[in-house]
Amino acid sequence: VSHDFQSPLMNIQGYADLLKTVEGEEERIEYAEVIERETKRLSNLTKQLLLLTSLDQEAYPLKVTDYSLDEQLKAVIRKYRWRMDEVGIELSYKIPAATIRADEELLENVWENLLTNAIKYNREDGTIGITLEQDGKTRVIISDTGTGIPEDEMSQVFDKFYRVDDSRTKEGTGLGLSIVRQIISLHGGEVAIESELGKGTRFIITLPSKEN
Ligand code: ADP
């Protein structure tokens, strides 16, 4: 953890120092952008770490209500549509109407984490698929045509701060999937991964039926 906080802080300090004396307009903007990026990174990291810490408490109080899962998924898609357009990712989805009894705010976190990963680790002009199925249980499947996850690392990606080596060129904290797993398990559900290296990955989230 300490390294994850230290390195952006060092960068911010270093570039703030440089800013004081820099002459050129271009460099000034470049340094300010580094500071902006590193601040964002710290802010993300802090937010995720705080969430994970509160979820780790033994009796996290879920705020459970009945709500429309299809609307929630479509809202998350709308939120990231521009990013997919930007990198030429095509999205197809099959999201029929479905209500669910769950903590709406926490589950939004789950879909956001999985969708942003599907975008981030995808190839250029790749595709993403989102499917919702409800037959007693509720299942959401998010698939991508990205890098895939090596078989022997599939269980580790849920560990705090764990990142597959190849992913380190991308911005990230290694906390997203730990949060996903923790939230789904608080709901009595399961997360499964199917993945093939170089081909893509499917995350399958199963949530128990409302009666449970
Ligand atoms: P982050 O994305 O911030 O690194 P996560 O906890 O969300 O952290 O994911 C952990 C690691 O799992 C990622 O660093 C990446 O190596 C791998 N991973 C997650 N989602 C995918 C995906 N859709 N395709 C390929 N690799 C993935």
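Every number for a ligand or one of its atoms is a count from 1 in the order of the listing. Only heavy atoms go into these numbers, but all of them, side chains included; no hydrogens, no water, no symmetry mates. In what follows, residues are counted from 1 in the order of the sequence shown.
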May I ask you to check whether T173 and Q48 show a side-chain donor-acceptor distance below 3.5 Å?
yes

Check whether any N or O atom of F203, backbone or side chain, sits under 3.5 Å from an N or O atom of ligand 1, and answer yes or no.
no

Which residue supplies the protein heavy atom nearest to atom 2 (O) of ligand 1, what is that atom called, and how far is it?
Y121 OH, 2.7 Å

Show which atoms of ligand 1 fall inside a sub-4.0 Å distance from at least one heavy-atom site of L175.
6 (O), 8 (O)

Would you mind listing which atoms of ligand 1 come within a distance below 4.0 Å of any non-hydrogen atom of L177?
5 (P), 6 (O), 7 (O), 9 (O), 12 (O), 19 (C)

Quick one: which ligand 1 atoms are inside 4.0 Å of a heavy atom on R163?
1 (P), 4 (O), 14 (O)

Does K170 have a non-hydrogen atom less than 4.0 Å from ligand 1?
no

Verify, without hydrogens or angle tests, whether D103 (side chain) and L106 (backbone) share a donor-acceptor contact under 3.5 angstrom.
yes

So for T147, does at least one of its heavy atoms come nearer than 4.0 angstrom to any atom of ligand 1?
yes

Other residues, nucleotides and ligands only: do more than 12 of their heavy atoms fall within 6.0 Å of CD on E133?
yes

T138 side chain to Q134 backbone, donor-acceptor under 3.5 Å
no

Decide yes or no on salt bridge (Lys or Arg N to Asp or Glu O under 4.0 Å) for R139 and D135, but give the supporting numbers first.
CA-CA 8 Å; R139 215 165 10 256; D135 51 14; 3.3 Å; yes

N/O to N/O below 3.5 Å, does that happen between I149 and ligand 1?
no

In this structure, atom 7 (O) of ligand 1 is nearest to the protein heavy atom N117 ND2, 2.9 Å

Salt bridge (Lys or Arg N to Asp or Glu O under 4.0 Å) pairs touching residues 43-57, sequence neighbours excluded, are D56-K160

Check this for me - ligand 1, D144, N or O atoms closer than 3.5 angstrom, yes or no?
yes

For ligand 1, which atoms have a heavy atom of K120 less than 4.0 angstrom away?
1 (P), 2 (O), 3 (O)

Indicate yes or no: does an N/O atom of G172 lie under 3.5 Å from an N/O atom of ligand 1?
no

Does G148 come within less than 4.0 angstrom of ligand 1, counting non-hydrogen atoms of the residue?
yes

Closest protein heavy atom (residue, atom, distance) for atom 3 (O) of ligand 1:
T173 N, 2.8 Å

Among D144, T145, T147, T201, side chain to side chain donor-acceptor pair (under 3.5 Å) partner for N122:
T145

N/O to N/O below 3.5 Å, does that happen between S178 and ligand 1?
no

If you count the non-hydrogen atoms of other residues, nucleotides and ligands that lie under 6.0 Å from CD in Q156, is the total more than 12?
yes

Heavy-atom nearest neighbour in the protein, as seen from atom 10 (C) of ligand 1, with distance rounded to 0.1 Å
Y162 O, 3.3 Å

Ranked by distance from atom 17 (C) of ligand 1, the top protein heavy atom is V157 CG1, 4.0 Å

Can you tell me if R101 uses its side chain to pair, donor with acceptor, with the backbone of V64 under 3.5 Å?
no

Neighbour count >12 (heavy atoms, 6.0 Å) for atom CD, E27:
yes

Which bit of V164 gets closer than 4.0 Å to ligand 1, counting heavy atoms only: side chain, backbone, both or neither?
both

Within the 4.0 Å heavy-atom shell around G174, which atoms of ligand 1 are there?
1 (P), 3 (O), 4 (O), 6 (O), 8 (O)

Are the side chain of Q182 and the backbone N or O of L55 linked by a donor-acceptor pair below 3.5 Å?
yes

Of all protein heavy atoms, the one nearest atom 15 (C) of ligand 1 is S167 OG, 3.2 Å

So ring-ring contact (aromatic ring centres under 6.0 Å, His included) across residues 31-55, not counting sequence neighbours, yields Y15-Y31

